[in-house]
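Right, one structure below, let's go through it.
Protein chains get the first letters and strands the later ones, always in sequence-line order, with residue 1 at the start of each.
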6 protein chains.
Amino acid sequence: MRPSGRAFNELRAVSFDVGVAKHAEGSCLVKFGDTHVLCTASWDETTPPWLRGAGRGWVTAEYGMLPRSTGDRMRREAKNGQSGRTQEIQRLIGRSLRAVVDLKALGERQILIDCDVIQADGGTRTASITGAWIAMNEAFKWAVSQGVIKSSPVIDRVAAISCGLIGGAPALDLDYDEDSTAQADANFVITGTGGLVEVQATAEGDPFTDEQFQALLALAKAGCADLSARQAELA
Amino acid sequence: MRPSGRAFNELRAVSFDVGVAKHAEGSCLVKFGDTHVLCTASWDETTPPWLRGAGRGWVTAEYGMLPRSTGDRMRREAKNGQSGRTQEIQRLIGRSLRAVVDLKALGERQILIDCDVIQADGGTRTASITGAWIAMNEAFKWAVSQGVIKSSPVIDRVAAISCGLIGGAPALDLDYDEDSTAQADANFVITGTGGLVEVQATAEGDPFTDEQFQALLALAKAGCADLSARQAELA
Amino acid sequence: MRPSGRAFNELRAVSFDVGVAKHAEGSCLVKFGDTHVLCTASWDETTPPWLRGAGRGWVTAEYGMLPRSTGDRMRREAKNGQSGRTQEIQRLIGRSLRAVVDLKALGERQILIDCDVIQADGGTRTASITGAWIAMNEAFKWAVSQGVIKSSPVIDRVAAISCGLIGGAPALDLDYDEDSTAQADANFVITGTGGLVEVQATAEGDPFTDEQFQALLALAKAGCADLSARQAELA
Amino acid sequence: MRPSGRAFNELRAVSFDVGVAKHAEGSCLVKFGDTHVLCTASWDETTPPWLRGAGRGWVTAEYGMLPRSTGDRMRREAKNGQSGRTQEIQRLIGRSLRAVVDLKALGERQILIDCDVIQADGGTRTASITGAWIAMNEAFKWAVSQGVIKSSPVIDRVAAISCGLIGGAPALDLDYDEDSTAQADANFVITGTGGLVEVQATAEGDPFTDEQFQALLALAKAGCADLSARQAELA
Amino acid sequence: MRPSGRAFNELRAVSFDVGVAKHAEGSCLVKFGDTHVLCTASWDETTPPWLRGAGRGWVTAEYGMLPRSTGDRMRREAKNGQSGRTQEIQRLIGRSLRAVVDLKALGERQILIDCDVIQADGGTRTASITGAWIAMNEAFKWAVSQGVIKSSPVIDRVAAISCGLIGGAPALDLDYDEDSTAQADANFVITGTGGLVEVQATAEGDPFTDEQFQALLALAKAGCADLSARQAELA
Amino acid sequence: MRPSGRAFNELRAVSFDVGVAKHAEGSCLVKFGDTHVLCTASWDETTPPWLRGAGRGWVTAEYGMLPRSTGDRMRREAKNGQSGRTQEIQRLIGRSLRAVVDLKALGERQILIDCDVIQADGGTRTASITGAWIAMNEAFKWAVSQGVIKSSPVIDRVAAISCGLIGGAPALDLDYDEDSTAQADANFVITGTGGLVEVQATAEGDPFTDEQFQALLALAKAGCADLSARQAELA
C-alpha cells in the first residue's frame with residue numbers, strides 16, 4: 001500500500017479545463033490531483049533572433065510557481081531570479097513540445113508557452129508538459145480557424161508522468177509526500193505513438209538497479225498512454 | 001453611456017471565492033468582472049530584521065501578474081526583475097492592510113500577502129487590496145481557531161476601487177478598455193467605517209479640475225461602501 | 001504651533017538658482033529650506049525605442065539622493081539598485097512635467113530630467129518637480145535661442161507641495177521632523193492655472209477623514225499658487 | 001563507421017593526471033580525447049547554512065567552461081551569469097558524487113568540487129563526473145593522512161559516459177561533431193558496482209524507440225565499467 | 001602654450017568649502033577649476049565584517065558622478081551598476097586615505113567617505129582625494145570635540161594631482177580638453193611630508209620615455225606640495 | 001635574503017607553452033614559477049558597436065581565476081559577478097596590448113584575449129600581459145598565414161613585471177608570500193624597445209620614498225628586458 005492509498009500503477013484524478021484564459025490563443029488548466037497548473041499558449045509572429053531567416057519556427061516555454069502554491073511559502077522568483085530547477089524545467093517543457101511539432105511547417109513564428117503552478121502537490125513538470133500540449137494544440141486550432149496557417153503543424157501528442165521507488169516498489173505519478181520519501185525519482189516524456197522524448201531517472205540516496213529502472217519505465221509507458229488517450233478526446 | 005454599457009456608478013460583477021488555496025492559512029480568489037486575482041495570506045512567526053524586538057508585528061504584500069494574464073503577453077518578471085509599477089502596487093497593498101490591523105496586538109509575527117493576477121482587465125490593484133483583506137482575515141480566523149492568537153487584531157475592513165474620467169464624465173470601476181482612454185485615473189482605499197487610507201489621482205494628458213476630482217471621490221466612497229458590505233458578509 | 005515654528009499654511013524659504021550646471025541645457029538648484037535638489041535638463045534628439053516614428057516627443061526623469069544627503073547615511077543605489085521609492089518618485093516627476101508640455105509640438109525629441117538630492121530635509125519629491133519645471137523651461141529657452149525649435153512647447157507651469165496632519169491639524173510643506181510624526185502624508189501637483197495633475201494622500205497609522213483631506217487640498221492649492229508665481233518670475 | 005573513426009562501443013583515449021593543482025586538497029586533470037577538465041576538491045570544515053546541526057556533511061559542485069575552450073568563443077559567465085545549462089550540469093555532478101559518499105560518516109563538513117573545462121570536444125559533463133570522483137577521493141585520502149578523519153566516507157566509485165544515436169546506430173562517448181548530428185543524446189551515471197545513479201536521454205528531433213534506448217543503456221554500462229576500472233587503479 | 005592658457009606647471013583655481021553638508025560629520029566641496037566634488041565623511045561605530053575583533057579601524061570610500069556632471073549625459077549608475085572605472089577610483093581614494101591614518105589608534109570604527117562629482121572637467125579622482133582628506137579630517141575634529149576619541153588618528157596630510165604629456169610636453173592638472181588629447185595620463189598621490197602613496201602613469205597611444213615620466217613626477221611633487229599647504233591652512 | 005631564496009633582481013623560472021589551446025587562433029600557457037595563466041587570442045571579424053565605421057580595430061581582454069587556483073578557494077565570479085580587482089586587471093591587459101598594435105593597420109576587426117589563471121602564486125597580472133602578447137602575436141601569425149591580413153599590425157613587444165619593497169629592500173617578481181608582506185607593490189608594463197606603457201606603484205601601509213620608487217623602476221626595466229628577449233625568441 002502506498003501512502004496515498006492508490007494502486008502502484010494508478011494515476012491521480014486528472015482533468016483538463018480548456019480555454020480558461022480569456023486573452024490567450026490557447027489555454028488549459030490541468031489538474032493531476034492537487035497539482036494545478038495553468039498553461040497558456042501565446043502566438044508570436046516573430047522568431048528568436050538566432051533563428052531569423054532560418055525558414056522554420058520555434059516553441060519555447062517558461063515555468064513558474066506562485067509563492068504560496070506550496071506548503072511552505074517559496075521566495076518569489078521575480079525578486080530573486082529564476083532558480084536552476086526552474087530553468088531546467090522550462091527547458092524540458094520546450095524541448096518536449098518541439099519534438100512533436102513540424103517546425104518547418106510552422107514557418108517563421110513561435111509559440112510561447114507559460115506554465116504557472118497555481119497549486120503544487122508533486123509532479124508539476126509532468127502536469128505542465130501534458131497540459132501545455134493541449135494549450136499549444138488549441139493555439140494551432142485557433143490559428144487554422146483564423147486562416148493564419150492552413151493546417152496544424154502538430155505531428156503527434158506528447159504527455160509526461162513521474163514515477164518513483166517507494167519502499168523499493170515502483171509507483172506511478174507520485175504526490176509530494178510520496179516524492180519526499182522516494183528512493184528514486186524519474187520523469188518520462190512519451191508521445192502518443194509511444195516514442196520516447198525524454199527519460200530522466202535520479203537516485204535519491206542509494207543507486208537503483210536496472211530491474212527497478214525497467215519497472216519504472218513500464219509504469220510510465222502505461223501512464224502516458226492513458227494521458228495521451230485523454231488528450232486525444234480534447235484534440 | 002460608457003463603453004462597458006454599465007451605469008457610471010456601477011461596479012462590475014464582484015465575487016469572492018474563499019479558501020481556494022489548499023496550503024495557505026488564508027486565501028481568496030477575487031473577481032472584479034474579468035479581472036481575477038488569487039490572494040493568499042501566509043502566517044510567519046518571525047518579523048523582518050529591522051523590526052526584531054520592537055514588540056509589534058507586520059503585514060507585507062507581494063504582487064505579480066501571470067505573463068499571459070493580459071491581452072499582449074508581458075515579459076515574466078522572474079526573468080527581468082520587478083518593474084517600478086509592480087513595486088508601487090505591492091507597497092500600496094501592504095500599507096492599506098496595515099492601516100486596519102493593530103500591529104501591537106498581532107505581536108512579533110507577520111502576515112505575507114501574495115496577490116497574483118490570473119487574468120487582467122483593469123483594476124488589478126483595487127481588486128488585490130479588496131481580496132487581500134479577506135485572505136488576511138481568513139488567516140486571522142485560522143490563527144484564532146488554532147489558538148495561535150487569542151483574538152483577531154483586525155480593527156476594520158478595507159476595500160479599494162478605481163475611478164476615472166471618461167469623455168469628461170466620472171465613472172466607477174474602469175475596465176481595461178475604459179482605463180486606456182480615460183483622461184484621469186484614480187484609486188481610492190477606504191475603510192469599512194469610511195476612513196480614507198489612500199487617495200491617488202493622476203491626470204493622463206490634460207489636468208483635471210477640483211470639481212471633477214470631488215465627483216470621483218464621491219463615486220469611490222459609494223463603491224467602497226458596497227464592497228465593504230460584501231466583505232462583511234464573509235468576515 | 002508646529003515643530004518648525006512656522007504657521008500651518010507657511011512654506012519654507014524657497015529659492016531657485018538657475019543655470020548652475022555648466023554642461024546642461026537647463027538647470028536649477030532648488031531649495032525648500034534645508035532640502036536642496038539639483039535639477040538638470042538634457043536635450044536628446046532621439047526618443048525612446050517604443051516611441052520611434054510616433055510623431056511626438058517625450059519628457060522623462062531620474063531621481064537620486066546622495067548617500068549622505070540624509071541624517072543617517074543611505075546605501076548608495078549604484079551599488080544596490082534603485083529602490084521602489086526612487087522609481088515611484090522618478091515616474092511621478094516625469095508624469096507631472098509631461099502634463100504641461102505639448103509633446104506633438106516638441107517633435108521626436110526628448111528631455112531627460114535629473115533630480116539629485118544634495119541635502120534632504122523632507123519634501124524632496126515636491127522640490128524636485130518644482131525645480132525640474134524650471135530646468136526644463138530653461139532647456140526649451142535654450143533650444144529656441146539656438147534655433148533648434150521655433151517656439152517652446154510648454155503649455156503651463158507646474159509645481160508641487162507636500163501637506164500633512166500634525167497632531168490632527170493640517171500643515172503645509174512638512175520638513176523631515178514634521179513628516180516623521182505626521183498622521184497623514186500628502187503630495188499635490190498643480191499647474192499654474194490651477195489644474196490638478198496628481199493627488200496623493202496616504203494614512204500613516206490611522207485613516208483620515210474627508211474633512212481633513214479637504215483641508216490638506218486647500219492648503220496645497222494656496223502653496224502651489226505661491227510657488228507657481230515664483231516660477232513665473234523666472235520663466 | 002562513425003565520424004570519429006572509432007568503433008561504436010569504443011571510448012576515446014582517457015587519461016587522469018592526479019594532483020596537478022598545487023593548492024587543492026584533491027585534484028585531477030581528466031581527458032576524454034580532446035575534452036580536458038580540471039577537477040579540484042576543496043575541503044571545508046563547515047556545511048551550508050540549511051544543514052547546520054544536521055549531523056551530516058555535504059558534497060557540492062560548480063562547473064564552468066573557459067571562454068575559448070570551444071570552437072567559437074563563448075561569453076564569459078562571470079560577466080553574464082551562469083546559464084541554465086551550467087546550473088543543470090553542476091547540480092548533476094554534485095548529486096552523482098553524493099550518491100557514493102556516506103554523508104553521516106563525513107560529519108559536518110563539505111567538499112566543494114570545481115570542474116573547469118579547459119578544452120571542450122563533447123562529453124564535458126561525463127568527463128567532469130568521472131574526474132571529480134578522483135579529485136574527491138584524493139581529498140579524502142589527504143584528510144585521512146592528515147588525521148582530519150579516521151577513514152574515508154566513500155562507499156563506491158562513480159563514473160559517467162554519454163551515448164547517442166548516429167544515423168540511427170547507438171554509439172558510445174560522442175565527441176562534439178558526433179554530438180551535433182546525433183538524433184538522441186544520453187548521459188548515464190553508474191557506480192563501480194553497477195548501480196544506476198542517473199539516466200538521462202533526450203530526443204533531438206524525432207523521438208527514439210525503447211529498443212534504441214536499451215541499446216544506449218547497454219553501451220553505457222560497458223563504458224562506465226571500463227572507466228570505473230581505471231578509477232580503481234588510481235584509488 | 002597649453003590649451004587652457006595656463007603655464008605648464010600651473011594648477012587650476014583651487015578652493016575648499018568646508019562644512020557644506022548639514023548632516024555629515026565632516027564635509028568639503030572641493031573645486032579644481034570647473035571640477036566640483038562634494039566630499040562627505042560619515043562616522044560609523046562599526047567595522048566591516050572581515051575586520052571584526054581585529055583591534056583596528058577602517059577608512060573606505062565610494063565615488064559617483066551625477067549623470068549630467070559631464071558634457072554628454074552619462075547613464076545613471078543606480079540603473080546600470082558601477083563601472084569598472086568607478087570601482088577603480090573609489091578603491092584608490094580609500095587606499096590613499098588609509099595611508100595617512102593610524103588605524104589602530106582609530107579603534108574598531110570606520111569612516112565612510114562619499115565623493116560625488118557635481119560637475120566634471122577632468123581630474124575628478126585627484127580632486128576627490130584632496131577634498132576627501134579635508135572631509136575626513138573634519139570628522140576626526142568633530143569626534144575629538146564630541147569626546148568620541150581623545151585625539152585624531154591622522155598621521156599626515158595627503159593630496160593628489162594629475163599630469164600628462166601635451167604635444168610631448170609635461171603639464172600639471174589637466175582639464176577635460178587637455179586630458180582628451182594627452183599622450184600620457186598620470187595620477188600621483190603624495191603625503192604632506194613628501195611620501196609617495198600612489199604612482200600611476202598610462203600611455204594613451206604611444207609609450208612614453210623614462211625622461212618624460214620623471215618630468216611628470218617632478219611636476220606632481222610641486223603640485224601636491226602646493227595643495228598640501230592649502231590643506232594645512234584648513235586643518 | 002628574500003623569503004623565496006632568490007636574488008633581489010632575479011625572476012622566477014619563466015616558461016611559455018605556445019599553441020596549447022586546440023580551438024584558439026593563438027594561445028600560450030605562461031608560467032612565472034607556480035603562477036600559471038592560460039592566454040588565448042580569439043579572432044573576431046567585427047568591432048565593438050561604439051567603433052563601427054571608425055576604420056580601425058580593437059584589442060580587448062578578459063581575466064579570470066579558477067576558484068581553486070588560490071590557497072583558499074575563491075568564490076566563483078560566474079555566481080557573484082566580476083570584482084573590481086578583476087575589472088581593473090582586464091582593462092590593464094587590454095590597454096597594454098593596444099599600445100603595441102597599429103589599430104588602423106588591423107582594420108575593422110578585434111582580438112579578444114582571455115587570460116585565465118589556472119594556478120596563482122603572485123604576479124598573475126604581469127604573467128597575463130606577458131603571455132597575452134605571445135597569444136596575440138600567434139593569432140596575427142595565423143591570420144597572415146591564412147591570408148586574412150597581409151602583414152602583422154604588431155609594432156613592438158610588451159612585457160610586464162611586478163616589484164616590491166621587502167623589509168625596505170627592492171625586489172623583483174614577487175611571489176604570493178613575498179607580496180603579502182611587501183611594504184609597496186608595483187607593476188610595470190614596458191615595451192621591447194624600452195617604452196613605458198604603464199607604471200603603477202602603491203604603498204601598502206607606509207608611503208615610500210622617491211629613491212625607493214626609482215630602485216623599483218630600475219629592477220623592472222631589467223626584468224622586462226629579459227622577458228622581452230624571451231618573447232623575441234618565440235615571435
For Ser83(C), is it the side chain, the backbone, both or neither that has a heavy atom under 4.5 Å from a heavy atom of chain B? backbone
Rounded to the nearest 0.5 Å, how far apart are CG of Asp206(C) and CD1 of Ile155(B)? 7.5 Å
If you tally heavy-atom pairs under 4.5 Å against chain B, which of Ala201(C), Ala203(C), Gly195(C) wins? Ala201(C)
So, the part of Gln214(C) with a heavy atom under 4.5 Å from chain B: the answer is side chain
For Phe213(B) and Phe188(C), I'd like to know if the aromatic rings sit close, meaning centre-to-centre distance below 6.0 Å. no
Of Thr202(C), Val199(C), Leu216(C), which meets side chain to side chain contact (heavy atoms under 4.5 Å, CB included) against Val199(B)? Val199(C)
Answer key: most heavy-atom pairs under 4.5 Å with chain C among Leu217(B), Asp210(B), Thr209(B) is Asp210(B)
Comparing Gln87(C), Glu204(C), Gln200(C), Glu198(C) against chain B, the one with the most heavy-atom pairs below 4.5 Å turns out to be Glu198(C)
Does any heavy atom of chain B fall under 4.5 Å from the side chain of Arg98(C), the backbone, both, or neither of them? neither
The reported gap from CZ in Arg91(C) to CZ in Arg85(B) (rounded to nearest 0.5 angstrom) is 8.0 Å
